[in-house]
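One structure below.
Whatever order the structure lists them in is the order used to number ligands and atoms, beginning at 1.
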Amino acid sequence: MYQYLTHKLRTCLAQRFFSSTTNSLINSRFLHSSPVVTNMSSTAGVVIPCKAAVAWEAGKPLVIERVEVAPPQEMEVRIKVKYTSLCHTDLYFWEAKGQTPLFPRIFGHEAAGIVESVGEGVSDLCVGDHVLPVFTGECGECAHCKSEESNMCDLLRIDTDRGVMHSDGKSRFSINGTPINHFVGTSTFSEYTVIHSGCLAKINPKAPMDKVCVLSCGISTGLGATLNVAKPKKGSIVAVFGLGAVGLAAAEGARIAGASRIIGIDLNPNRFEEAKKFGVTEFLNPKDFDVPIQKVIADVTNGGVDRSIECTGNINAMISAFECVHDGWGVAVLVGVPNKDAVFMTKPINLLNERTLKGTFFGNYKPRTDLPSVVEMYMNKQLELDKFITHRVPFSDINKAFDLMLKGEGLRCIISMED
Ligand SMILES: NC(=O)c1ccc[n+]([C@@H]2O[C@H](COP(=O)([O-])OP(=O)(O)OC[C@H]3O[C@@H](n4cnc5c(N)ncnc54)[C@H](O)[C@@H]3O)[C@@H](O)[C@H]2O)c1
Ligand SMILES: [Zn+2]
Ligand SMILES: [Zn+2]
C-alpha cells in the first residue's frame, strides 16, 4: 500500500512537472502567435477559450458563448467537463423567482470531468484524474470536516449567492473582459471550469462518466438522505414527497434499507408509472383529496409513517412531510431547496409529541471522503443508475434539458459536452 502511494505521488509530481514545463514553452509561443489548445496538460497556466452556456437573464434560454477560462489559482483545479446534467436547484436559480438573481452566470453542478491542471498547493489531485464536482466542499481542516456528523464545511459549504472564487473574490470566467458569475463553486455548463480542490471527489477512472455524473448531486443526495439521515429500520414504512430523481433516489435508499412500504407522493401523476421501477409500493396525489395529505397518510398507515423524506422544495410539502410521521418515533428529513423567504409553520405540539424534523445537504455525505465509495456501490452493482437517466442531449441542445424539467418529463437528462 505504501509503495503504491509513493508511486502514485511520484507519478503525480512527474505529470505536474511535465505540465508546468510544457506550460512555459506554450507561454513563450503564446507571445508570438495565437494559442493552440492541443491537449489537456499543454494548456496548464494559460487562459483556455471554450464554449459555455451562459444565462444572461432570469428565465431566458441559455446562450452558448465563447468564454475565457483563467488558470486555477491557489488550491483550485481546472477540469474538462465531460458530462453534466440538470438538477432542479439549477432551475430555481435560473428562474430566480424565489431566489436571489445573479446574472450573467454559468450554472451547472451535477457533472463528471477530468483534471486539466492544478493550482498552487493542490497535492492530492493531478492532471488526468477523473473527478466529480460537488456544490458543497470538504476543506478537511475545520470543525465540521473533523466532525463525524457534519458535512457543512465552514469554508466550502454551499453558498448559492456567491458568484466568485474564495481565494481572491474574482471569477475565472470572462467574455471580452466582462466577468461571468460562477454557481455554487462548480459551473459545469462549460467545457472547462475552475473549482476549489475541496469540492472535487477523485473517483475510480473505470467508472463511466456519462452515468456516474448523476452521483455528483441528485442521486447521492436522495440516497444519503434516507441511508445517512432518516435511517429507516428494516420493515419501516417510508413516505417520499416528490418523485423526481432526488426523491426516487431516496426511495432507492428505503428499498436498500429494507422498508416494507414506500409511499410516493407527487402532484404529477405521470411520475407514478416511472416510480414503480424504484420500488415505490403506493402512490398518493394530494390533488385527489380534499383533506391535507398528512391526514390521508395517517389514515392509511395507522397513525403515520416511520420516516418521511421531502424532495420537492415546496413549503407545503415540507410541512406535510413532517406532520405525516408517526408520533413517538417518526423522523422527517427535508431535502428540497425552499424559496428564500419561505417559513416553516407547524404547531409545536407536533414536535413535543416526539416527532423529529431534520434537514440535509448532499445526503450528509462528505464529498471527498464518501463520494468515491458511492461510485463503488454503482461499480459493484449495489446501486443502479441507468433507470435515472431518461434523456441525453448534446451540449448545443442544453435548453431542451430545461424544457423537459419545466414540463416534469423524465428524471435526469445527460448533457454531453463533446457531441
Ligand atoms: N438538499 C440538497 O442537497 C439537494 C440536492 C439536490 C437537489 N435538491 C432539491 O431537491 C428537490 C428535488 O430535486 P429534483 O432534481 O429531483 O427535482 P424534480 O423537478 O425532478 O422533482 C421534483 C418533484 O416534486 C414534485 N412536487 C413539486 N411540488 C410538490 C408538492 N407540493 N407535493 C408533491 N410533489 C411535488 C414535482 O412534481 C416533481 O416530480 C429540489 O427542490 C432540489 O432543489 C436538494
Ligand atoms: Zn443538485
Ligand atoms: Zn471544512
>> I need the nearest protein heavy-atom contact for atom 19 (O) of ligand 1: residue, atom name and distance, please.
In response: His88 ND1, 2.4 Å
> When the aromatic ring centroids of Phe93 and Phe107 are compared, is their separation below 6.0 Å?
Replying inline: no
> With a cut-off of 4.0 Å, which atoms of ligand 1 are near a heavy atom of Cys87?
Replying inline: 6 (C), 7 (C)
>> Using a 4.0 Å heavy-atom cut-off, which part of Phe362 comes near ligand 1: side chain, backbone, both, or neither?
In response: backbone
>> Applying a heavy-atom cut-off of 4.0 Å, say which part of Arg271 lies close to ligand 1: side chain, backbone, both or neither.
In response: side chain
>> Check contact between Asn316 and ligand 1, using heavy atoms of the residue and a distance below 4.0 angstrom.
In response: no
> Can you find a heavy atom in the side chain of Arg261 that is under 4.5 Å from one in the side chain of Thr301?
Replying inline: yes
>> Less than 4.0 angstrom from a charged side-chain N to a carboxylate O is my criterion; do Glu418 and Lys80 meet it?
In response: yes
> At a 4.0 Å threshold, what atoms of ligand 1 neighbour a non-hydrogen atom of Gly336?
Replying inline: 9 (C), 10 (O), 11 (C), 41 (O)
> To the nearest 0.1 Å, how far is atom 44 (C) of ligand 1 from its closest protein heavy atom, and which atom is that?
Replying inline: Val335 O, 3.0 Å
> Are the ring centres of Phe103 and Trp56 closer than 6.0 Å?
Replying inline: no
> Which atoms of ligand 1 have any heavy atom of Gly313 under 4.0 Å away?
Replying inline: 41 (O)
>> For Ser150 and His144, which I'm curious about, is there any donor-acceptor pair between the side chains at under 3.5 Å?
In response: yes
> Among all protein non-hydrogen atoms, which one is nearest to atom 36 (C) of ligand 1, and what is the separation to 0.1 Å?
Replying inline: Asp266 OD1, 3.5 Å
> Between Ser85 and Glu110, is any side-chain donor less than 3.5 angstrom from a side-chain acceptor?
Replying inline: yes
> Which ligand 1 atoms, with their elements, are less than 4.0 angstrom from a heavy-atom of Val337?
Replying inline: 9 (C), 41 (O), 43 (O), 44 (C)
> When you look for heavy atoms under 4.0 Å from ligand 1, do you find them on the side chain of Arg412, its backbone, both, or neither?
Replying inline: side chain
> Do the rings of Phe361 and Phe135 sit parallel, tilted or perpendicular, given the 30° and 60° boundaries?
Replying inline: perpendicular
> When rounded to the nearest 0.5 angstrom, what distance separates CG in Asn314 from CG in Leu267?
Replying inline: 7.0 Å
>> Can you confirm whether Glu282 sits close enough to Leu284 that some side-chain heavy atom of one is under 4.5 Å from a side-chain heavy atom of the other?
In response: no
>> Side chain, backbone, both or neither: which applies to Leu411 and ligand 1 if a contact is any heavy-atom pair less than 4.0 Å apart?
In response: neither
> Please state the angle at the Zn ion (ligand 3) spanned by SG of Cys153 and SG of Cys139: what is it, rounded to 10 degrees?
Replying inline: 100°
> Going by atom types alone, do Ser197 and Glu76 pair a side-chain donor with an acceptor below 3.5 Å?
Replying inline: no
> Any Lys/Arg nitrogen of Asp386 or Lys211 sitting under 4.0 Å from an Asp/Glu carboxylate oxygen of the other?
Replying inline: yes
> Which atoms of ligand 1 are found less than 4.0 Å from any heavy atom of Gly242?
Replying inline: 23 (C), 24 (O), 25 (C)
>> Tell me whether Phe241 reaches ligand 1 (any heavy atom closer than 4.0 angstrom to a ligand atom).
In response: no
> Quick one: are Leu132 and Leu200 in side-chain contact, heavy atoms under 4.5 Å?
Replying inline: no
> Going by heavy atoms, is Cys217 under 4.0 Å from ligand 1?
Replying inline: yes
> Taking atom 2 (C) of ligand 1 as the point of reference, which of Asn268, Thr136, Thr221 owns the nearest heavy atom?
Replying inline: Thr221
> Which protein non-hydrogen atom lies closest to atom 41 (O) of ligand 1, naming both residue and atom, and how far is it?
Replying inline: Tyr92 OH, 2.8 Å
>> Rounded to the nearest 10°, what angle sits at the Zn ion (ligand 2) between SG of Cys87 and NE2 of His109?
In response: 110°
> When you look for heavy atoms under 4.0 Å from ligand 1, do you find them on the side chain of Asn314, its backbone, both, or neither?
Replying inline: side chain
> Taking the six-membered ring for Trp, is the centroid-to-centroid distance between Phe183 and Phe189 below 6.0 Å?
Replying inline: no
> Relative to each other, are the rings of His166 and His196 parallel, tilted or perpendicular (30° and 60° limits)?
Replying inline: perpendicular
> Taking C-beta and beyond as the side chain, do Ile48 and Glu68 meet within less than 4.5 Å on heavy atoms?
Replying inline: no
>> Below a 4.0 angstrom heavy-atom separation, can you tell me which part of Phe135, side chain or backbone, both or neither, approaches ligand 1?
In response: side chain
>> Just to confirm my output: which protein heavy-atom neighbour is closest to atom 27 (C) of ligand 1, and how far is it?
In response: Thr312 CB, 3.9 Å
> Side chains of Thr136 and Cys153: does their closest heavy-atom pair fall under 4.5 Å?
Replying inline: no
>> In terms of relative ring orientation, are Tyr365 and Phe362 parallel, tilted or perpendicular, with 30° and 60° separating the classes?
In response: perpendicular
> What angle, to the nearest 10°, do the atoms SG (Cys145) and SG (Cys142) form about the Zn ion (ligand 3)?
Replying inline: 100°
> So does His144 have any N/O/S atom less than 2.8 Å away from the Zn ion (ligand 3)?
Replying inline: no
> By number and element, which atoms of ligand 1 are closer than 4.0 Å to a non-hydrogen atom of Gly244?
Replying inline: 16 (O), 20 (O), 21 (O), 23 (C), 39 (O)
> To the nearest 0.1 Å, how far is atom 43 (O) of ligand 1 from its closest protein heavy atom, and which atom is that?
Replying inline: Thr89 OG1, 2.7 Å
>> Students should be able to answer this: which protein heavy-atom is nearest to atom 16 (O) of ligand 1, and at what distance?
In response: Val246 N, 3.0 Å
>> For atom 30 (C) of ligand 1, what is the closest protein heavy atom, and at what distance to 0.1 Å?
In response: Leu267 CD1, 3.5 Å
> Mind checking whether Cys311 has a heavy atom under 4.0 Å from ligand 1?
Replying inline: yes
>> Restricting to N/O/S atoms, is Cys217 within less than 2.8 Å of the Zn ion (ligand 2) or not?
In response: yes
